[in-house]
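Note that these values count all heavy atoms, side chains included, but never hydrogens, waters or copies made by symmetry.
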Amino acid sequence: MLGADKLVDAVTAASDLMRAAERISIVGAGIAAARSTRDAGQDGLAQERGHRTSAGLVQDIAGISRTEAQRRVRLGLSLLEADPSAAGNGDAAESEFGDEGRAARRPWHAVLSEAMLQGLISPHSRTRSSAVSDTPSTTDRMHTRPGSQQPSS
């Protein structure tokens, strides 16, 4: 039988794994959508697999609702918009516009996208993720002098 601490550790590890898998699923949904555009026609990823839309492909693969599949596709596309190189087309954008062009086109939500990919926030919550609850809050860091000890929990 697991002790209380080991049980909490196991549930925490499983939850962390589930959040990481969800992030991978969201990024994958965005990439699938980027490869399933109207411009690709019947050669698009979703269309090659017999689906009309990328959300239909994601719904079929993941066994989730249509609404959830559409949410993952939208979120995945927004992540790709924040980092176009993730879709495999960043080289073209960089060669055409250079680093300055990429920085100028960076969307407003790029910081949020990066935070989600790093696991600092959850795609489901509007507040800080529980994955970082063991770190000092922004308020704690703001009220701690540089070089001093962070408050312990």
Side-chain angles (χ1 to χ4, degrees), residues 1-97 99 101-141 153:
M1 177 180 275
L2 288 177
D5 290 340
K6 293 226 184 247
L7 176 61
V8 169
D9 289 346
V11 172
T12 300
S15 296
D16 291 345
L17 181 61
M18 289 171 49
R19 283 190 292 274
E22 182 179 31
R23 287 191 303 272
I24 292 168
S25 177
I26 289 168
V27 170
I31 293 171
R35 294 182 182 179
S36 302
T37 62
R38 288 187 186 266
D39 294 339
Q42 291 301 312
D43 293 330
L45 179 63
Q47 293 77 12
E48 283 180 349
R49 304 272 195 258
H51 296 279
R52 240 175 23 98
T53 65
S54 54
L57 174 65
V58 171
Q59 179 182 6
D60 188 42
I61 291 171
I64 56 179
S65 70
R66 180 172 173 253
T67 303
E68 177 62 15
Q70 289 171 333
R71 185 190 71 79
R72 286 188 190 183
V73 166
R74 283 191 311 271
L75 187 53
L77 284 171
S78 71
L79 291 172
L80 295 179
E81 181 183 351
D83 183 11
S85 64
N89 59 2
D91 295 338
E94 189 171 326
S95 64
E96 185 177 345
F97 298 105
D99 288 336
R102 181 180 291 190
R105 295 182 310 150
R106 191 167 184 197
W108 65 268
H109 55 77
V111 174
L112 294 174
S113 297
E114 291 165 7
M116 194 202 89
L117 289 172
Q118 293 171 9
L120 300 175
I121 60 174
S122 165
H124 295 291
S125 69
R126 292 187 176 106
T127 60
R128 246 173 15 113
S129 169
S130 61
V132 294
S133 62
D134 59 337
T135 61
S137 70
T138 303
T139 306
D140 292 338
R141 286 190 300 268
S153 307

Partner set under side chain to side chain contact (heavy atoms under 4.5 Å, CB included) for [X], not counting sequence neighbours:
X	answer
Leu2	Lys6, Leu7
Thr67	Ser65
Ala55	Thr53, Ala69, Gln70, Val73

Rounded to the nearest 0.5 Å, what separation is found between the [atom1] atom of [X] and the [atom2] atom of [Y]?
X	Y	atom1	atom2	result
Leu77	Ile31	CG	CD1	10.0 Å
Ile26	Arg71	CD1	CZ	5.0 Å
Ser25	Leu75	OG	CG	10.0 Å
Leu57	Arg35	CG	CZ	11.5 Å
Ser54	Gln47	OG	CD	8.0 Å

Q: Flag the pair Val58 / Glu68 as yes when at least one side-chain heavy-atom distance between them is below 4.5 Å, and no otherwise.
A: no
Q. Under the salt bridge (charged side-chain N to carboxylate O under 4.0 Å, His left out) rule, what pairs show up with a residue in residues 23-32, not counting sequence neighbours?
A. none
Q) According to the salt bridge (charged side-chain N to carboxylate O under 4.0 Å, His left out) rule, which pairs have a member within residues 51-62, sequence neighbours left out? A) none
(Q) Between Arg19 and Glu22, does any side-chain N to carboxylate O distance fall below 4.0 Å? (A) no
**Q.** salt bridge (charged side-chain N to carboxylate O under 4.0 Å, His left out) partners for Glu48, two or more places apart
**A.** none
